[in-house]
Amino acid sequence: MKILFTIDRFGSGGKERRLTELMKMLKLNKDIHFELIIMDKNIHYKEVLDLGIKIHFISRKIKKDPLVFIQFYGICKSFRPDFVHCWDGMTAVYMIPPCKLLGIKLLNGMITNAPENMNIFHKNWNYAKLTFMFSNVIVGNSLAGLSAYNAPEKKSYCIYNGFNFDRLNNLTHAGEMRKLLNISSKYVIGMVATFSLKKDYRTYYHAAQILLEKGHDITFIAIGRDTESSQSINLIKNGNLEHFRLLGERTGIESFINIMDICVLCTYTEAISNSILEYMALGKPVIATDGGGTNEIVVDQKTGYLLRQSDPAELVEKIEVLLNDKELRDRMGALGKKTICEKFSIEKMVNSYTAMYNSNLTAIEALTSEHL
């Protein structure tokens, strides 16, 4: 079996992490051969460079560069994959002509969120409308995402993110991490997410400052691209900055999460969040905004709490409940870790993708034999 993966960028996001873990596991399967196209030369997850696979870097000279179609076609014609598996809408658009001209199946994996009220003004809505009709398979990482994009049921698959527990083998000691970050407070609370319009850092910071004003001994961590930006800093009162660690983009995220007592994800749209998987895999209680696919992984009052959108008062209330009850924190964390082991393991994710590939490969072979 031959697969060509395509992705627009390889930053520190969830889809990039998911593709990295998938390729690492597929590399162990001698019956599967794959190559990768990236439309940006910056790679956050350096493990990809150690896989020994062929990586094609394609850059656009202008926003709508027609030469990219030709480059994609050339790679497909040379490699002759059974499938092209696109991980975003833009590369799915570019891959439509090559796949149609060369008779290659197009697997569309662009659904990685679950936005409300999708319409023509959403870029991904337009990508979906254009690419779904040409896609043989549509893959989403949440049922909520497939529903939000109104993906055709007959060719849709839901494959949840998977966590690779090998990532926990070399954690930096908690005491060393606290020393590194100059943290001496009793508690540490954190949120791992890019500082962007889709993530609700305003609510997280607002709740944090209410808790500080109430005298709680807490250090608040924010990790993700642009969390150290001026826009992020401006949401915090000067007198409170000493209680925050705005860390920007980091590697080894597991060691940072490991020192957190409570993990938060305030957001406006989410499918299955890699951050929540990481929180739960490390046995941490989760407080997250309800909506999208979050309730497909977080069980309210069992593995954490689901909150109304943009409600700092409710976030404060739930944090205080957990701060005052270590047994509850431990119980929620243990059940969360059990959930990841049983439903969101890397093995389960890879087996689901492999089954999907094999199912469609069998269909290709059956169709080919009919024409012989």
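Keep in mind that what you see is a predicted model, and the values were worked out from it rather than measured.
Within 6.0 Å of CG on Asn238 lie no more than 12 heavy atoms contributed by other residues, nucleotides or ligands. Within a 6.0 Å radius of CG in Asn170, other residues, nucleotides and ligands contribute 12 heavy atoms or fewer. No more than 12 heavy atoms of other residues, nucleotides or ligands shown are found within 6.0 angstrom of CZ on Arg202. Within 6.0 Å of CD in Glu116 there are 12 or fewer heavy atoms belonging to other residues, nucleotides or ligands.
A side-chain donor from one of Thr91 and Asp88 sits under 3.5 Å from a side-chain acceptor of the other. Side-chain atoms of Thr354 and Asn351 include no donor-acceptor pair closer than 3.5 Å. Using modelled atom types and a 3.5 Å distance limit, the side chains of Tyr305 and Glu314 yield no donor-acceptor pair. A donor-acceptor contact closer than 3.5 angstrom links the side chains of Glu270 and Thr267. One side chain, Glu320 or His216, offers a donor N or O that lies under 3.5 Å from an acceptor on the other. His44 and Glu16 share no side-chain donor-acceptor pair at under 3.5 Å.
The distance from the CZ atom of Phe69 to the CD1 atom of Ile58 is 11.5 Å, given to the nearest 0.5 Å. Atom-to-atom distance recorded for Met177:CE and Lys179:NZ is 13.5 Å, nearest 0.5 angstrom. Distance check, rounded to the nearest 0.5 Å: OG1 of Thr294 to CD1 of Ile276 gives 4.5 Å. Remark: Ile75 CD1 to His56 NE2 distance equals 4.5 Å, nearest 0.5 Å. Taken from CD in Glu278 to CD1 in Ile253, the straight-line distance is 6.5 Å, to the nearest 0.5 Å.
When all heavy atoms of Arg18 and Asn274 are compared, the closest pair comes out as N-ND2, 4.1 Å. Ala151 and Ile111 make their closest contact through CB-CD1, 4.2 Å (heavy atoms, listed as atom of the first residue, atom of the second, distance). Contact between Ile262 and Ile319 at its shortest, heavy atoms only, is CD1-O, 3.9 Å. For the residue pair Ser142 and Ala271, the shortest heavy atom distance occurs at OG-CB, 3.5 Å. Of all heavy-atom pairs between Ser12 and Glu249, the closest is OG-OE2, 2.5 Å. For the pair Phe83 and Leu361, the tightest heavy-atom approach, listed with the atom from each and the gap, is CZ-N, 3.5 Å.
You'll find the side chain of Met332 stays beyond 4.5 Å of the side chain of Lys337, heavy atoms only. Looking at Phe220 and Leu212, their side chains come closer than 4.5 Å, going by heavy atoms from C-beta outward. Counting only heavy atoms from C-beta outward, the side chains of Leu335 and Val299 never approach each other to under 4.5 Å. Within the 4.5 Å cutoff, no side-chain heavy atoms of Glu35 are placed close to those of Phe5. Here the side chains of Thr289 and Leu306 are not in contact, with every heavy-atom distance at 4.5 Å or above. Using a 4.5 Å cut-off on side-chain heavy atoms (C-beta onward), Ile138 and Lys155 make contact. Here the side chains of Asn113 and Asn141 are not in contact, with every heavy-atom distance at 4.5 Å or above. Looking at heavy atoms from C-beta onward, Glu213 lies in side-chain contact with Lys237 at the 4.5 angstrom threshold.
The backbone N or O of Ala144 sits less than 3.5 Å from a side-chain atom of Glu296, completing a donor-acceptor pair. Formation of a donor-acceptor pair under 3.5 Å by the Arg245 side chain with backbone atoms of Ala222 is not found in this model. At distances below 3.5 Å, at least one donor-acceptor pair connects side-chain atoms of Tyr279 with backbone N or O atoms of Val264. Using a distance-only test at 3.5 Å, with no hydrogens or angles considered, a donor-acceptor pair links the side chain of Arg178 to the main chain of Ser185. No donor-acceptor distance shorter than 3.5 angstrom exists from the side chain of Ser135 to the backbone of Val137, with no hydrogens or angles considered. Judged by distance alone, with hydrogens and angles left aside, the side-chain atoms of Asp325 form no donor-acceptor pair with the main-chain N or O of Val321 at under 3.5 Å.
Contact check on Lys24 versus Glu21 returns a salt bridge, with a Lys/Arg side-chain nitrogen under 4.0 Å from an Asp/Glu carboxylate oxygen. Classification of Glu47 and Arg167 as a salt-bridged pair fails, no side-chain N sitting under 4.0 Å from a carboxylate O. We find that Asp330 and Lys284 are not joined by a salt bridge, their nearest charged nitrogen and carboxylate oxygen being 4.0 Å or further apart. In this structure, Glu342 does not pair ionically with Lys348, as no charged nitrogen and carboxylate oxygen lie closer than 4.0 Å. Taking 4.0 Å as the cut-off between side-chain N and carboxylate O, Glu228 and Arg250 do not count as a salt-bridged pair.
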Atom pairs and distances, donor-acceptor, side-chain atoms in residues 186-197, under 3.5 Å, two or more places apart:
residue, atom, partner, partner atom, Å
Tyr187, OH, Leu323, O, 3.4
Ser196, OG, Lys198, N, 3.4

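Among the candidates Ile104, Leu107, Asn108, Val84, the single residue satisfying the side chain to side chain contact (heavy atoms under 4.5 Å, CB included) test with Met95 is Val84.
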Exercise for the section: Decide yes or no on side-chain contact (heavy atoms from CB on, under 4.5 Å) for Tyr357 and Ser359, but give the supporting numbers first. Expected result: CA-CA 6 Å; Tyr357 295 144; Ser359 173; over 6 Å; no
- Message: Test side-chain contact (heavy atoms from CB on, under 4.5 Å) on Met39 and Phe72; report intermediate values, then the result.
- Response: CA-CA 11 Å; Met39 297 190 69; Phe72 274 46; 3.9 Å; yes
Verify side-chain hydrogen bond (donor to acceptor under 3.5 Å, both in side chains) between Gln71 and Tyr94, making sure each step is shown before the conclusion. CA-CA 10 Å; Gln71 294 179 76; Tyr94 279 122; over 6 Å; no
| message | For Asp31 and Lys2: C-alpha separation, side-chain torsions, deciding distance, then whether salt bridge (charged side-chain N to carboxylate O under 4.0 Å, His left out) applies. | response | CA-CA 9 Å; Asp31 295 324; Lys2 296 170 74 175; over 6 Å; no
What verdict does the side-chain contact (heavy atoms from CB on, under 4.5 Å) test give for Leu36 and Val48, after you've listed the backbone C-alpha separation in whole Å, the side-chain angles of each residue and the deciding distance to 0.1 Å? CA-CA 10 Å; Leu36 172 65; Val48 171; 3.9 Å; yes
Worked check of ring-ring contact (aromatic ring centres under 6.0 Å, His included) between Phe244 and Tyr205:
CA-CA 9 Å; Phe244 286 81; Tyr205 289 165; 5.6 Å; yes
Take Asn258 and Ser255 through the side-chain hydrogen bond (donor to acceptor under 3.5 Å, both in side chains) test and state the conclusion after the steps.
CA-CA 5 Å; Asn258 191 43; Ser255 294; over 6 Å; no
- Query: Yes or no on side-chain contact (heavy atoms from CB on, under 4.5 Å) for Asp226 and Ser232, after CA distance, side-chain angles and deciding distance?
  - Reply: CA-CA 7 Å; Asp226 294 333; Ser232 176; over 6 Å; no
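In this view, Ser59 satisfies the side-chain contact (heavy atoms from CB on, under 4.5 Å) rule with no residue, not counting sequence neighbours.
Here the two rings, on Phe163 and Phe344, have centers that are 6.0 Å apart or farther. Tyr353 has its ring centre less than 6.0 Å from the ring centre of His85. The aromatic ring centres of Phe132 and Phe134 sit 6.0 Å or more apart.
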